[in-house]
Amino acid sequence: MAIPVLVGISQCLLGDNVRYDGGHKRDSVLIEALGRYVEWVPVCPEVEIGLGTPREPMRLVGDLHAPRLITTNTGVDHTDAMTRFAQQRVRELEALNLSGFVFKSASPSCGISGVLLFNAQGTETQDGVGLFARAFMTHFPLIPVEEEGQLHDPQALKNFLERVFSYHRVKMGTGYFSKGRTEK
């Protein structure tokens, strides 16, 4: 019996109404292209830390290397809750033996690059990384990750899928270098 290839995904991309505005960002192209090959493991950091839908939007504020996750209107800081959640959730995901993750672009929790960051002077840059995505990539430096928009390119999609399957084979002990095999 084959071990399923598990890939994490930002839950809103599956069509679940978990976004700040109560909506979703269902990505049919992604779901149809990858869904037949992988089993999805949905994650919505905001909902999983107890925030409802709809909810006040949030953004990254402050230092590039230690940004804060702050609501845009009331200034509530959710950084500590998100950090605790991320540390716990990556351990849970580790137990599942994920082989990849598809993150929601531009998200202050899930974007892997180019997330809006407001520095102390209020200047906006696109240098941020979402807090959950950062924790995930730090914990799993070798797992293939990508943002959904990049996977609309057929070659990028193919490359991601190949990386996911290669990682899965190595992780599950069916790769060339596993179980005592040596390079020739």
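All of these numbers come straight from a predicted model, not from anything done at the bench.
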Exercise for review: List the steps, then state whether side chain to side chain contact (heavy atoms under 4.5 Å, CB included) holds for Ile112 with Phe136.
Suggested key: CA-CA 10 Å; Ile112 63 175; Phe136 184 92; over 6 Å; no

Exercise for review: Report the C-alpha distance between Arg68 and Asp80 in whole Å, list the side-chain angles of each, state the deciding distance to 0.1 Å, and finish with yes or no for salt bridge (charged side-chain N to carboxylate O under 4.0 Å, His left out).
Suggested key: CA-CA 9 Å; Arg68 307 298 297 176; Asp80 293 341; 3.6 Å; yes

Exercise for review: Any chance you could lay out the ring pair (Phe, Tyr, Trp, His ring centres under 6.0 Å) test for Phe101 and Phe140, step after step, and finish with the verdict?
Suggested key: CA-CA 10 Å; Phe101 206 107; Phe140 300 108; 9.0 Å; no

Exercise for review: Give the C-alpha distance, both sets of side-chain angles, the deciding distance and a yes or no for side chain to side chain donor-acceptor pair (under 3.5 Å) between Ser166 and Arg169.
Suggested key: CA-CA 5 Å; Ser166 293; Arg169 282 191 301 274; 3.1 Å; yes

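Note: the hydrophobic cluster containing Val164 also contains Tyr37 (ILVMFWY, side chain heavy atoms under 4.5 Å, direct or indirect links).
No salt bridge links Asp16 with Lys25; every basic N to acidic carboxylate O contact stays at or beyond 4.0 Å. In summary, Glu48 and Arg89 engage in a salt bridge, as defined by a charged side-chain N under 4.0 Å from a carboxylate O.
Between atom NE2 of residue His152 and atom CG of residue Leu30 there is a gap of 6.0 Å, rounded to the nearest 0.5 Å. Rounding to the nearest 0.5 angstrom, the gap separating the OG atom in Ser107 from the CD atom in Glu147 is 9.0 Å.
The nearest pair of heavy atoms linking Tyr167 to Leu98 is CE2-O, 3.4 Å. Contact between Pro144 and Ser99 at its shortest, heavy atoms only, is CD-O, 3.4 Å. Closest heavy-atom contact between His168 and Pro4: CE1-O, 3.3 Å. The two residues Glu148 and Asp27 come nearest to each other via the heavy atoms CG-OD2, 3.4 Å. Across all their heavy atoms, Asn17 and Thr53 have their closest contact at O-OG1, 3.6 Å. Smallest separation of non-hydrogen atoms from Asp21 and Pro54: C-CB, 3.8 Å.
Side chain of Glu146 to backbone of Phe160: no donor-acceptor contact under 3.5 angstrom is found.
Between Phe85 and Phe132, the ring planes are tilted. Angles from 30° to 60° get that label.
At most 12 non-hydrogen atoms from other residues, nucleotides or ligands lie less than 6.0 angstrom from CD of Gln126.
Each of Gln87, Glu94, Gln88 was evaluated against Arg91; a single residue qualifies, Gln88, per the side-chain hydrogen bond (donor to acceptor under 3.5 Å, both in side chains) test.
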